[in-house]
Every structure is written in structure tokens, then in C-alpha cells.
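One structure is given here, and the rest of the page talks about it.
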Amino acid sequence: YSKKNGRNGYSFYFDELQTDSQRVLLLDSELRRAIDERAFELYFQPKIEMENEQIQGLEALVRWNNERLGFVSPAEFIPYAEETGLIIPLSEIIIEMACEAVIKLQQFGIKIPISINISSIHFKQRNFLESVQAILERYNTPANNFEIEVTERTVMNSATETVSKLVRLKQLGFKLSIDDFGTGYSSLSYLVRFPLDCLKIDRSFIQHISSLDEKQAVVDAIIQMSHRLKMKVVAEGVEQAQQVDILRKMNCDIIQGYYYCKPLPLHELLEFIEFWEIEHQGRK
Ligand code: C2E
Ligand code: MG
Ligand code: MG
Ligand code: MG
């Protein structure tokens with residue numbers, strides 16, 4: 001039953017409301033429990049450098065499979081965790097898991113930086129830097145093993161504080177990326193003030209790039225601007241060979257998307273990296 005199925009009789013609507021609020025209650029209690037039990041997993045999606053076809057980075061994406069709720073998308077539970085403040089302990093768990101993954105990869109002789117998505121709520125905490133540093137120190141993993149992805153929205157408000165935080169992160173050795181670029185109405189002049197390594201063009205611009213001239217024009221302009229500002233460009237959500245061709249012609253630096261690889265759990269990622277390195281031997 002959904003609202004779309006008919007004119008909403010009052011009781012029908014009420015039923016739906018009830019199931020919605022029941023779900024939120026369940027989500028709340030299960031999420032708190034999952035945080036206590038660290039019941040999350042990280043998946044990793046490779047980013048491919050166009051110039052040499054090497055794996056340039058691995059984006060960590062949190063996964064939560066709950067006994068009662070089933071698989072819950074981060075697009076659902078991350079915003080909820082942000083509303084309730086649960087994002088702070090969750091974000092710390094994610095950073096810890098990313099440290100564990102770096103260590104594991106190193107045991108296999110793999111030294112590819114891992115990108116961590118950082119919520120604006122965590123980023124804006126006064127002690128954000130100290131909290132991240134403390135975790136890295138505990139795991140004895142230097143910051144240059146990591147990239148931090150913050151969305152355009154995160155960096156665009158309270159600019160002066162943001163600049164100093166980004167500068168300090170950079171000094172610690174983190175690489176910095178702007179995520180979902182193009183969705184946040186940012187003033188481009190701000191970008192110049194940030195010490196950014198990469199700009200990730202949002203999937204919505206990549207989706208119809210092979211058929212829509214306007215999308216091509218925007219993506220082309222973003223790539224040229226980024227290069228002038230000495231940033232590399234990542235295209236997100238690339239699914240088709242045609243999109244890869246167009247992006248390559250536009251000198252897009254890095255491609256990420258199902259076309260190359262879905263997000264994978266660590267053991268499958270190790271297999272993918274091995275396969276990829278054999279396929280692309282000698283092209284370094
Ligand atoms: P995002 O950081 O922009 O991540 C990219 C999303 O696009 C991921 O969805 C990824 O699985 C998906 N994706 C990658 N390639 C393709 C493709 O070719 N086609 C399509 N249709 N999708 C693709 P996911 O994992 O569901 O995450 C959604 C969002 O949830 C992320 O967007 C990010 O904002 C948030 N998120 C995920 N993991 C974390 C995390 O560990 N911490 C925080 N703070 N947020 C996270
Ligand atoms: Mg991201
Ligand atoms: Mg993104
Ligand atoms: Mg996105």
C-alpha cells in the first residue's frame with residue numbers, strides 16, 4: 001500500500017503514518033545498538049586514473065545489514081544519524097574501520113589511499129581534528145593513507161572556519177576532495193581559498209552526458225576550471241563506455257562508477273585489485 005495507490009482515505013493515511021513512525025522507532029533503537037556493537041561494514045569502490053589506468057584511490061562506503069530491518073541504505077540512516085547526533089560515534093567507527101582496512105591492505109602490499117566521507121555535522125564539531133587525529137594515532141596509521149571527502153554544502157557555509165580546518169587537515173597529510181560537486185550552489189570564488197586535491201563531479205551531471213549537450217558543457221567547464229585551480233577531477237557514477245569516452249576526451253583525470261567496479265567488501269576488493277593489476281601490468 002502506498003499513497004500513490006488511491007485517494008487517501010484518512011485511515012489509510014493514518015496506517016501509513018503509523019508504519020512510518022514505527023520504522024523510525026525501530027531504526028532509532030537498532031541504530032543505537034549497531035553503534036554499540038560496531039555492526040557495520042565498509043565497502044570500497046576503486047577510482048581509476050585515466051592516464052595510466054591505475055587504481056588511484058578507494059572510497060569507503062558504509063554498509064549496514066540489520067536483522068530486523070534488513071539492508072538499510074546509507075542514504076536513509078546517515079541523514080537520520082545526522083538528525084539525532086548519532087553520526088558522531090558512527091563517524092568515529094567508520095574512521096576506525098578505515099584504519100583497519102589500510103592496515104589490512106598494507107599486509108597485502110597494497111598502498112592505495114582510502115577516501116572517507118565525512119558528514120558536515122562531524123566536520124563542524126569543534127574537536128573534529130583532534131578526534132580524527134586520536135583515532136589515527138591509536139591505529140598508528142599516518143594521514144597520508146587517507147583522503148577526506150566533504151560535500152560542497154559542508155564547506156560552503158562558515159567559510160573562514162572551514163578554510164582553517166581544511167588547511168590544518170592538509171598539513172596533517174590528508175588529501176582533500178569536494179564531493180557531489182555541482183549540487184550545492186557554491187560560489188566558485190570560495191574554491192580558490194580551499195587547499196583541495198580533487199573535485200568530484202556529482203553523478204547527476206554524468207548521467208545524461210552522452211545525450212545532453214548542456215551536461216557536456218557543464219562538465220567540460222568544471223574540468224577546465226578545476227585544472228586551472230590545480231585540482232584533479234573525479235567523475236562519479238560512470239556506468240557506460242560511452243561516458244568514459246566522452247570524459248576521457250574532456251581530460252577528466254579519474255573515473256569512479258559501476259562501469260569499472262561496484263563498491264566491494266574487503267575480501268572481494270583484494271581479488272579485484274589483483275585482477276586489475278594483472279590486466280594492466282606494464283602500463284604504469
Ligand atoms: P557519495 O559519497 O556521493 O557516494 C557515492 C554513491 O554512489 C555510493 O552510494 C555509491 O555506491 C554510488 N555509486 C557509485 N558508482 C555508481 C554508479 O555507477 N551508479 C550509481 N547509480 N551509483 C553509484 P551509497 O554507498 O549508497 O552512499 C550514498 C551516500 O551516503 C554517499 O554518497 C554518502 O553521501 C553517504 N555515505 C555513504 N557511506 C558513508 C560514510 O561512510 N560516511 C558518511 N558520512 N556518509 C556516507
Ligand atoms: Mg563520497
Ligand atoms: Mg559523491
Ligand atoms: Mg553523490
Side-chain angles (χ1 to χ4, degrees), residues 31 34-35 38-48 56-65 71-101 113-125 128 131-132 135 146-155 174-184 186 196-210 222 233-244 247 252 254-266 268-269 272:
L31 189 58
I35 289 169
R38 282 174 112 253
F40 302 92
E41 205 182 344
L42 284 189
Y43 276 43
F44 300 91
Q45 187 178 36
K47 306 182 199 178
I48 308 297
Q56 178 266 352
L58 301 164
E59 179 172 6
L61 294 155
V62 67
R63 295 291 178 261
W64 181 32
N65 199 353
F71 172 78
V72 190
S73 163
E76 180 180 4
F77 71 82
I78 294 283
Y80 184 77
E82 289 178 330
E83 276 169 42
T84 51
L86 291 170
I87 192 67
I88 307 292
L90 175 57
S91 187
E92 290 178 350
I93 291 172
I94 290 167
I95 297 167
E96 289 169 2
M97 291 194 297
C99 290
E100 287 161 12
I114 290 183
S115 312
I116 309 173
N117 290 285
I118 296 292
S119 155
S120 63
I121 309 283
H122 193 194
F123 184 83
K124 283 172 189 157
Q125 291 277 304
F128 168 67
S131 82
V132 175
I135 296 169
F146 300 97
E147 176 167 326
I148 284 181
E149 293 190 12
V150 284
T151 64
E152 199 184 0
R153 271 173 245 268
T154 302
V155 295
F174 288 100
K175 285 178 262 307
L176 301 174
S177 275
I178 291 290
D179 205 354
D180 300 346
F181 185 80
T183 61
S186 62
L196 301 171
D197 299 279
C198 287
L199 186 153
K200 301 185 75 176
I201 304 177
D202 191 69
R203 183 161 66 90
S204 56
F205 292 95
I206 307 302
Q207 247 174 342
H208 302 290
I209 197 176
S210 11
I222 294 174
V233 180
V234 183
E236 301 191 301
V238 175
E239 296 181 354
Q240 304 151 5
Q242 233 186 339
Q243 295 169 326
V244 175
L247 289 162
C252 179
I254 296 155
I255 289 185
Q256 181 180 12
Y258 296 168
Y259 177 75
Y260 285 115
C261 191
K262 286 182 308 188
L264 299 172
L266 196 71
E268 285 180 43
L269 175 77
F272 177 84

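Residue numbers start at 1 and run along the sequence shown. Counting convention: from 1, in listed order, for ligands and their atoms alike.
The shortest N/O to N/O separation between Val62 and ligand 1 falls below 3.5 Å. At least one N or O atom of Asp179 sits closer than 3.5 Å to an N or O atom of ligand 1. For ligand 1, none of its N or O atoms has an N or O atom of Tyr259 under 3.5 Å away.
Ligand 1 places these atoms under 4.0 Å from at least one heavy atom of Gly257: 15 (N), 18 (O). Per-residue contacts place Glu239 under 4.0 angstrom from the following atoms of ligand 1 (heavy atoms of the residue considered): 17 (C), 18 (O), 19 (N), 20 (C), 21 (N). Within the listing of ligand 1, atoms 19 (N), 20 (C), 21 (N), 22 (N) sit less than 4.0 angstrom from a heavy atom of Arg203. Interface atoms of ligand 1 facing Ile94, defined by a heavy-atom separation under 4.0 Å, are 40 (C), 41 (O), 42 (N). Every atom of ligand 1 with a heavy atom of Pro263 under 4.0 Å away is listed here by number and element: 11 (O). Atoms of ligand 1 lying under 4.0 Å from at least one heavy atom of Val238, given by number and element, are 18 (O). The contact set between ligand 1 and Gln45, taken as ligand atoms under 4.0 Å from a residue heavy atom, comprises 14 (C), 15 (N). Within ligand 1, counting atoms from 1 as listed, the ones closer than 4.0 Å to a heavy atom of Glu59 are 2 (O), 4 (O).
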Original post:
Run the side chain to side chain contact (heavy atoms under 4.5 Å, CB included) check on Leu199 and Val234 step by step: do they pass?
Top reply: CA-CA 6 Å; Leu199 186 153; Val234 183; over 6 Å; no
Original post:
Should Val132 and Ile116 be marked as a side chain to side chain contact (heavy atoms under 4.5 Å, CB included) after you check the CA-CA gap, both sets of side-chain angles, and the distance that decides it?
Top reply: CA-CA 11 Å; Val132 175; Ile116 309 173; over 6 Å; no
**OP:** Tell me, with the steps shown, if Phe181 and Asp202 meet side chain to side chain contact (heavy atoms under 4.5 Å, CB included).
**Re:** CA-CA 5 Å; Phe181 185 80; Asp202 191 69; 5.9 Å; no
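Here Arg63 pairs with nothing under the salt bridge (Lys or Arg N to Asp or Glu O under 4.0 Å) rule; sequence neighbours left out. Residues passing the salt bridge (Lys or Arg N to Asp or Glu O under 4.0 Å) test with Glu82, sequence neighbours excluded: none.
Counting heavy-atom neighbours within 6.0 Å of Glu268 CD, excluding the residue itself, gives a total above 12.
Taking the ring centroids of Phe71 and Trp64, they lie at or beyond the 6.0 Å cut-off.
The heavy atom nearest to atom 30 (O) of ligand 1, considering only Pro74, Pro79, Ser73, is found in Pro74. Of the listed residues (Tyr258, Tyr43, Phe77, Phe123), the one carrying the non-hydrogen atom nearest atom 13 (N) of ligand 1 is Tyr258.
Just one of Arg153, Glu152, Glu149 meets the side-chain contact (heavy atoms from CB on, under 4.5 Å) condition when paired with Asp179; it is Glu149.
At a heavy-atom distance under 4.0 Å, no atom of Gln256 approaches ligand 1. When non-hydrogen atoms are compared, ligand 1 lies under 4.0 Å from the side chain of Arg63 (C-beta onward) but not from its backbone. Of all the heavy atoms of Asp202, none lies under 4.0 Å from any atom of ligand 1, so neither backbone nor side chain is involved.
In the model, Asn117 has a side-chain atom that pairs as donor or acceptor with a side-chain atom of Glu59 under 3.5 Å.
Ion pairing of Lys47 with Glu147 is present here, as a side-chain N (NZ or NE/NH1/NH2) and a carboxylate O approach within less than 4.0 Å.
Side chains of Ile254 and Val233 form no contact here, defined as non-hydrogen atoms less than 4.5 Å apart.
Judged by distance alone, the side chain of Gln243 and the main-chain N or O of Gln207 form a donor-acceptor pair under 3.5 Å.
Classified by interplanar angle (parallel below 30°, tilted 30° to 60°, perpendicular above 60°), the ring pair Phe146/Phe174 is tilted.
Tally of protein N, O or S atoms closer to the Mg ion (ligand 2) than 2.8 Å: 4.
Within the structure, salt bridge (Lys or Arg N to Asp or Glu O under 4.0 Å) pairs that include any residue of residues 91-101 comprise Arg38-Glu96, Arg38-Glu100, Glu96-Arg138 (at least two apart or interchain).
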